[in-house]
Asker: 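Here you go, one structure.
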Amino acid sequence: MLNGVTADLLVLPELFSTGYAFTSADEVGKMAETDHGPTAGFLKELSKSTGSTIVGGFIEIEAGKIYNSSLIVSVNNVIDTYRKIHLFNKEKLWFAPGDKKLNVYEINGVKIGVMICFDWIFPEVCRTLALRGMQVLAHPSNLVMPYCQTAMVTRCLENKVFAVTANRIGNEQRGEDDFTFTGASQITGIDGAVLSAAPVGKPHVSVVEIDENLADNKMINKYNDVISDRQTSFYET
Ligand code: ACM
């Protein structure tokens, strides 16, 4: 229950527990946690009290490597972490690129996939998750470019999946960096319809009811299926 609202899936922004702008690898290292650290503990408690599955970003450390990750937590249990594959800008100085496969998690009968922020610009991520059966994409973000929300319309339409892009608002100035986040978190439907659009600069919680099973039908008309109509022999990898 969040201010009287319940949800089966709750998506929080990228790096929600630390902020996004860092001044040194040392600083990032000091905020890194394992998947059973304080942020995991907080989300486990929240999942227990709300009954929600929760996806939210944190700095993960494992075997001496530091990742820009998201926890996937359900009913007081850490199911997995997703480690961002496509690092943006100075993230390359702080984080190792993700080294886990793109997984789809069946949780309470819903097939959930995860990507983080800049992963959106690589259509292969959403496509791979869709090919693996994803119905709903959880997309923690700290967007600073103005293109993603519009692009998610296409990502959802071309894969016929739902997506929840949870974005940061406001500004962070640290060291040489001055980031203004684009807000406008968005829930997008399988036909590219924007089901919920948050304001650009104000905190926002929005709940949308969907039928996730609609994402299993890849037909866009009587004759075209966006997955099985692909002509893969013409494509480069
Ligand atoms: C981003 O990937 N946080 C822009």
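One-based numbering, in listed order, for ligands and for the atoms of each. Numbering starts at 1 and runs along the sequence shown. For clarity, every value in this text was computed on a predicted model and none was experimentally measured.
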Asker: Just checking, is any N or O donor in the side chain of S70 or K84 under 3.5 Å from an acceptor N or O on the other one?
Answerer: no

Asker: Pick one of side chain, backbone, both or neither for how F88 approaches ligand 1, counting any non-hydrogen atom pair under 4.0 Å.
Answerer: side chain

Asker: Do the charged groups of E60 and R83 touch, with an N to O distance under 4.0 Å?
Answerer: yes

Asker: Can you tell me the protein heavy atom closest to atom 1 (C) of ligand 1 and the distance?
Answerer: C117 SG, 3.0 Å

Asker: Go through ligand 1 atom by atom and flag the ones less than 4.0 Å from a non-hydrogen atom of Y20.
Answerer: 1 (C), 3 (N)

Asker: For ligand 1, which atoms sit closer than 4.0 Å to a heavy atom of E91?
Answerer: 1 (C), 2 (O), 3 (N)

Asker: Once you measure the plane-to-plane angle for Y20 and F22, does it fall in the parallel (<30°), tilted (30-60°) or perpendicular (>60°) bin?
Answerer: tilted

Asker: Going by the atom numbers of ligand 1, which of them fall below 4.0 Å from some non-hydrogen atom of K84?
Answerer: 1 (C), 2 (O), 3 (N)

Asker: What pairs with K48 under salt bridge (Lys or Arg N to Asp or Glu O under 4.0 Å), at least two apart in sequence or on another chain?
Answerer: E45

Asker: For atom 3 (N) of ligand 1, find the nearest protein heavy atom and state the residue, atom name and distance (0.1 Å precision).
Answerer: E14 OE1, 2.9 Å

Asker: Mark up the atoms of ligand 1 that fall under 4.0 Å of a heavy atom belonging to F118, in ascending order.
Answerer: 2 (O)

Asker: Do the side chains of E158 and R155 get close enough for a salt bridge, i.e. N-O under 4.0 angstrom?
Answerer: yes

Asker: Would you say the side-chain atoms of R168 pair up with the backbone N or O of E14, donor to acceptor, closer than 3.5 Å?
Answerer: yes

